[in-house]
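One structure is given below, encoded as structure tokens.
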2 protein chains.
Amino acid sequence: MATPTPRAQRTRARILDAALDLFERQGYGATTVAQIAEAAGITQMTFFRHFPTKDAVLVSDPYDPLIARAVADQPRDLAPLERVRRGMLVALGTIGPVEDATAVRRVRLVARHPALRASVVAATAETERAITDALVADGVPPFDATVAAAACLGACTAALLTMPDLTASDLVDPGDPGDPGDPAPDLGAVITRALHQLGPTP
Amino acid sequence: MATPTPRAQRTRARILDAALDLFERQGYGATTVAQIAEAAGITQMTFFRHFPTKDAVLVSDPYDPLIARAVADQPRDLAPLERVRRGMLVALGTIGPVEDATAVRRVRLVARHPALRASVVAATAETERAITDALVADGVPPFDATVAAAACLGACTAALLTMPDLTASDLVDPGDPGDPGDPAPDLGAVITRALHQLGPTP
DNA sequence: GACCTAATGTTACTCACTAACATTCCAGGA
DNA sequence: TCCTGGAATGTTAGTGAGTAACATTAGGTC
């Protein structure tokens, strides 16, 4: 799996642009792959060579390995949920504001369309398995490991999908006015607040 | 929405039987709706009149309203997560052994096929919204409500899908021998154990 | 310029799912 | 018994996602 050729990167970007544009203008369901292909100046076949499914334009999950490692690095004497929680906090809590310009548009589209939310969960399945494996390797019962991973991932996914509805002020303190037109929301802050709810209640 | 006619109930049952049979024999992906229809002695069209999608034969979620009500009934001064957790415990913890004979077969098939796990999550989306609405109506911030609901539902769904791998002995105490050939697993016990992990750590 | 390979195009297909309309089944009343 | 109205099913024809096999073009290297 060599690094993608420059030409391939360009077409991929063209597809992504065309798709986001059409999705936002006429909706995800009303947009066909043929339309995307035409707008990008390519064929349907080429579309599927760059994205395995129509969903894949919007859904991707690049964080798998980091999370599993971070979870494994937490102290072994913690309860499984707490271990996963702290691991994800370490791996995701410091991401900061969203870097990719298309990320916000993608999230907004996914959040709008219920069927796509399911695709996101499908994409996190691999992450869930990675976390579970890491815990089971340390002697945690498979049932407990799976449940802990699913709970934390569910919380984070849900948090991610509320981001388009969120203003930055929602994250610090309810009641705070918050200047309008705030910039790209801080992904790390959202995740942190979500995982905070799963933490021990002092 | 009147109660379904006896004839409709029979065809629905025939479809379900034929589908489960084919899925188990040759796999979900390798089975076409046309095959199911032929095995059930009906048309493709009739299949889709009884089940909106191919997935729907395996995925259903009848517990929505009970859960939302039970969550709303928990004391308002609890943290959102704890409220959802106790509500779901009340609504689902006492279900007991699985009643429907086909339920175990369905769960096994879903657990095996990754794409179907996503369908399950899609099916719980409505439940998640119901729980969230109940909390928001009591003044809980939407973000916190969504996260709490997603975490608990994620944990329960994951727990459900591990059931085929589980023997009853796994639920009581690791290390317990447990007689082989144990009967249908206790759904309530599985849910209870899953939600227990999300509870306050004393 | 010849050459090799990755990237793209072409064609033809399968399958899930939908719409519009025709047909059959079945209960209850004349 | 016949009839009749509505529910359940069948028929036909389509759309759209995704796949397979094979032909073609572009880009960089010698």
Side-chain angles (χ1 to χ4, degrees), chain A residues 1-20 22-23 25-60 109-110 113-120 122-123, chain B residues 1-20 22-23 25-60 109-110 113-120 122-123:
Chain A
M1 50 188 256
T3 59
T5 236
R7 182 158 67 124
Q9 283 183 331
R10 269 177 308 167
T11 36
R12 189 193 155 92
R14 285 223 312 276
I15 294 174
L16 212 155
D17 276 352
L20 286 181
L22 288 169
F23 289 163
R25 286 220 311 268
Q26 54 187 27
Y28 175 83
T31 303
T32 71
V33 173
Q35 288 175 334
I36 300 172
E38 192 190 352
I42 53 155
T43 313
Q44 241 175 318
M45 193 66 236
T46 300
F47 173 92
F48 286 113
R49 285 214 185 80
H50 288 267
F51 298 93
T53 64
K54 188 182 165 188
D55 311 358
V57 178
L58 300 176
V59 175
S60 66
L109 283 163
V110 171
H113 212 84
L116 290 174
R117 308 176 68 123
S119 303
V120 175
Chain B
M1 49 188 260
T3 59
T5 234
R7 182 156 67 123
Q9 284 182 330
R10 267 177 308 167
T11 37
R12 189 191 155 92
R14 283 221 313 274
I15 294 174
L16 213 155
D17 276 352
L20 287 182
L22 287 169
F23 289 162
R25 285 220 311 267
Q26 57 186 25
Y28 175 83
T31 303
T32 71
V33 174
Q35 288 174 335
I36 300 173
E38 192 190 351
I42 53 158
T43 313
Q44 242 176 318
M45 192 68 238
T46 300
F47 174 92
F48 286 111
R49 286 213 183 83
H50 287 268
F51 297 94
T53 64
K54 187 183 166 187
D55 311 359
V57 178
L58 298 176
V59 175
S60 67
L109 283 163
V110 172
H113 212 83
L116 289 173
R117 306 175 68 121
S119 303
V120 174

Give the rounded distance in Å between these two atoms: [atom1] of [X] and [atom2] of [N].
X     : N      : atom1 : atom2 : value
A:K54 : C:dA16 : NZ    : C1'   : 14 Å
B:F47 : C:dT18 : CZ    : C1'   : 14 Å
A:I42 : D:dT25 : CD1   : P     : 18 Å
B:R10 : C:dC25 : CZ    : P     : 13 Å
B:E38 : C:dA16 : CD    : C1'   : 17 Å
A:Q44 : C:dT10 : CD    : P     : 12 Å
A:F48 : C:dG9  : CZ    : C1'   : 15 Å
A:D55 : C:dA16 : CG    : C1'   : 14 Å

Considering all heavy atoms, the nearest A:A123-A:V59 contact:
CB-CG1, 3.6 Å
Between B:Q44 and B:A37, the two heavy atoms sitting closest are N-CB, 3.7 Å
Mapping B:T32 and A:T11 to their closest nucleotides on DNA chain C, which lands nearer the 5' end?
A:T11
Assign each of B:P6 and B:Y28 to its nearest nucleotide of DNA chain C by heavy atoms, then name whichever residue's nucleotide is nearer the 5' end.
B:Y28
Under 4.0 Å between a side-chain N/O of A:T43 and OP1 or OP2 of C:dG9, yes or no?
yes
Indicate whether OP1 or OP2 belonging to D:dA8 is found under 4.0 Å from a side-chain N or O atom of B:H50.
no
For the side chain of [X], starting at C-beta, report the closest nucleotide among [options].
X     : options                : value
B:R49 : D:dA17, C:dC25, C:dA20 : C:dA20
B:T5  : D:dA7, D:dC22, C:dA20  : D:dA7
A:M45 : D:dA20, C:dA20, D:dA17 : D:dA20

Starting from the C-alpha separation in whole Å, work towards a yes-or-no answer on side-chain contact (heavy atoms from CB on, under 4.5 Å) for A:I42 and A:I36.
CA-CA 9 Å; A:I42 53 155; A:I36 300 172; over 6 Å; no
Determine, for B:F23 and B:K54, whether the Lys NZ or Arg CZ falls below 6.0 Å from the six-membered ring centre while staying within 45 degrees of the axis.
no
Would you sort out whether B:I15 and B:F47 count as a side-chain contact (heavy atoms from CB on, under 4.5 Å), showing the intermediate values?
CA-CA 7 Å; B:I15 294 174; B:F47 174 92; 3.5 Å; yes
